[in-house]
Amino acid sequence: MSWFKSHWKPLAVLLALILWAAWYSRPVDIHRLGIGELEAINVSIYYNEPGVGVQNTLSIGLRPGDPLWPVVSKELEALRFRRPPWNLVRQYLREDVIHTELAAREALVFHLWDNGDRSLMLQLNGGKPCYTSPYTTQNLPASLSGGEETAQALAERLRPLLEGY
């Protein structure tokens, strides 16, 4: 009991850090990533071929009132992400490269703007999902609830809409 009495402060700090890390890495939506009420969305589907480079296959810009706005914004707001706790510190470091292995893959990229002039880039399906910090514009890793299957299914649902627009 005397050991606990002499070490309760460091244990309390450790418990607080564990609880904070669990809270920070909980599933969050795009608004908790740092974007407010959406004003504009740019959706792009890229195909990256190693040795050839990135090719833009489909891209569209949307604003409230556009026919596709309700569909795309609903899909975006339904996504849930987990952020690693070290993102809070990582966004202030100089390194903003997220390493992915070389492979032919399709990436779904969203550029979001809110009414407070903040922007957020969200990349799914191109290896590791990532987003830009709206505070420092650093690229930060995230994991998508449902994984690559969710991102691929979203790209497949959006592709016919983008092709027809």
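Heavy-atom minimum distance, G36 versus D114: N-OD2, 2.8 Å. Of all the heavy atoms in A107 and Q123, the pair that sits closest is CB-NE2, 4.1 Å. When all heavy atoms of L76 and I30 are compared, the pair lying nearest together is O-CG2, 3.8 Å.
Atom CZ of R82 sits about 11.5 Å away from atom CG of L144, to the nearest 0.5 Å. Rounding to the nearest 0.5 angstrom, the gap separating the CG atom in L161 from the CD atom in E75 is 8.5 Å. With rounding to the nearest 0.5 angstrom, the OH atom of Y131 is 5.5 Å from the CG atom of L33. Atom CD in Q152 sits 10.5 Å away from atom CZ in R157 (nearest 0.5 Å).
In this structure, V28 and R83 have side chains that are in contact, with non-hydrogen atoms separated by less than 4.5 Å. Counting only heavy atoms from C-beta outward, the side chains of L140 and T132 never approach each other to under 4.5 Å. N42 places a side-chain heavy atom less than 4.5 Å from the side chain of W113. By the 4.5 Å heavy-atom criterion applied to side chains, L162 and R159 are not counted as neighbours. Within the 4.5 Å cutoff, the side chain of V109 has no heavy atoms near those of the V43 side chain. Looking at L124 and L122, their side chains come closer than 4.5 Å, going by heavy atoms from C-beta outward. Contact annotation: the side chain of L112 never approaches that of S119 to less than 4.5 Å [non-hydrogen atoms, C-beta and beyond]. With a 4.5 Å cut-off on side-chain heavy atoms, P141 and N87 count as touching.
Applying the side-chain hydrogen bond (donor to acceptor under 3.5 Å, both in side chains) definition to pairs two or more places apart or across chains, none involves residues 11-25.
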Before giving the answer on side chain to side chain contact (heavy atoms under 4.5 Å, CB included), spell out for L58 and Y46 the whole-Å C-alpha distance, their side-chain angles and the decisive distance to 0.1 Å. CA-CA 7 Å; L58 296 170; Y46 295 95; over 6 Å; no

Any chance you could lay out the side chain to side chain contact (heavy atoms under 4.5 Å, CB included) test for L38 and W69, step after step, and finish with the verdict? CA-CA 10 Å; L38 292 174; W69 178 267; 3.8 Å; yes

Stepwise side chain to side chain contact (heavy atoms under 4.5 Å, CB included) test for I60 and L62: CA-CA 7 Å; I60 188 172; L62 300 171; 4.0 Å; yes

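Remark: side-chain polar atoms of D66 are not paired, donor with acceptor, to backbone N or O of L68 under 3.5 angstrom. Of the possible donor and acceptor atoms, one in the side chain of T150 sits under 3.5 Å from a partner among the backbone N and O of S145.
When the shell of 6.0 Å around CG of N115 is examined, it contains more than 12 heavy atoms from other residues, nucleotides or ligands.
With sequence neighbours excluded, the residues that form a side-chain contact (heavy atoms from CB on, under 4.5 Å) with D29 are H31, R32, R80.
In this structure, W86 shares a hydrophobic cluster with no other residue, the cluster being traced through Ile, Leu, Val, Met, Phe, Trp and Tyr side chains under 4.5 angstrom apart.
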